[in-house]
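Only heavy atoms go into these numbers, but all of them, side chains included; no hydrogens, no water, no symmetry mates.
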Amino acid sequence: NQYGEPFPASLCTSVNEQVVHGIPNDIVLKEGDIVSVDCGTYMNGFCGDSAYTFCVGEVDEEVRNLLKVTKEALYIGIQNAVQGKRIGDVGYAIQQYCESHSYGVVREFVGHGIGHEMHEDPQVPNYGKRGYGPLMKKGLCIAIEPMITLGDRQVIMERDGWTVRTRDRKCAAHFEHTVAVGAGEADILSSFKFIEEVLGDKAI
């Protein structure tokens, strides 16, 4: 955070209007809530990063659609993580898709390069212009993570110095994969397979 303090938990759990960096607590989740779980790993000298937004019981159709579009936008961004394209192409694709559904695209927090460190260059925004930004080469590893809001895109930092929430307190969704840029298509290094097997027909 801005004070240089380490995150006080091993997972980020962001509930409803919380966008990212929610600190786990003992507040019981209730029917209709959504919770984004963002988990980083460190193994054999390398980092991985992934996030998935879960529904708690039955969730309003309006909110489920936000989750569905955000997850689709992640894969649309990944389709653009190919050699010869630029970082702006990834952000442009995500932004266009989400804004076409009248959702807000958070500007203050972005995806990132990833490797020996969790957060490396380049930054990978979820908005941008086609043909702009760093050129992507095969093998570049990036974390693509759309953070999309049901209402206004403006966000506020809570007093804990970590939790980011929507200003209008409408829900936000967050999905993330770590990918390696490929010559023809990106190689997705993280996986939602286990999550989707467990959730079955309840998966977004």
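For the salt bridge (charged side-chain N to carboxylate O under 4.0 Å, His left out) condition, the pairs that include at least one residue of residues 191-203, sequence neighbours left out, are Lys71-Glu196, Lys193-Glu197. Contacts classified as ring-ring contact (aromatic ring centres under 6.0 Å, His included) and involving residues 8-34 (residues at least two apart or in different chains) are given here: His21-Phe109. Sorted by first then second residue, the side chain to side chain donor-acceptor pair (under 3.5 Å) pairs that include residues 36-47, not counting sequence neighbours, are Ser36-His174. Residue pairs meeting the salt bridge (charged side-chain N to carboxylate O under 4.0 Å, His left out) criterion with at least one member in residues 78-93, sequence neighbours excluded, do not occur. Sequence neighbours left out, not one pair with a member in residues 126-143 passes salt bridge (charged side-chain N to carboxylate O under 4.0 Å, His left out). The salt bridge (charged side-chain N to carboxylate O under 4.0 Å, His left out) contacts involving residues 106-120 comprise Glu99-Arg107, where partners must be two or more places apart or lie in separate chains.
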Report, one line per pair, each donor and acceptor closer than 3.5 Å where one atom sits in a side chain of residues 176-189; sequence neighbours left out.
residue : atom : partner : partner atom : Å
His177  : ND1  : Ser190  : OG           : 2.7
His177  : NE2  : Tyr75   : OH           : 2.9
Thr178  : OG1  : Asp49   : N            : 2.9
Thr178  : OG1  : Asp49   : O            : 2.6

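Applying the side chain to side chain contact (heavy atoms under 4.5 Å, CB included) rule to His119 yields the partners His112; only residues at least two apart in sequence or on another chain are considered. When the side-chain hydrogen bond (donor to acceptor under 3.5 Å, both in side chains) test is applied to Thr149, no partner is found at least two apart in sequence or on another chain. Legend: residues meeting side-chain hydrogen bond (donor to acceptor under 3.5 Å, both in side chains) with Arg165, ordered by chain and number and at least two apart, are Glu158. With sequence neighbours left out, Val63 forms a side chain to side chain contact (heavy atoms under 4.5 Å, CB included) with Ile34, Val59, Asp60, Leu67, Leu150, Cys171.
Taking both residues in full, the closest heavy atoms of Ala173 and Thr70 are given as CB-OG1, 3.5 Å, listed atom of the first, atom of the second, then distance.
Through chains of ILVMFWY side-chain contacts below 4.5 Å, Ile114 is grouped with Met118.
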Begin with the C-alpha distance, continue with both residues' side-chain angles, and end with the deciding distance and a verdict on ring-ring contact (aromatic ring centres under 6.0 Å, His included) for Tyr52 and Phe175. CA-CA 5 Å; Tyr52 196 97; Phe175 288 85; 5.0 Å; yes
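Expressed to the nearest 0.5 Å, how far CG of Leu135 lies from CD1 of Ile87 amounts to 9.5 Å.
Ring orientation note: the planes of Tyr103 and His101 are close to parallel, at an angle under 30° on the 30°/60° scale.
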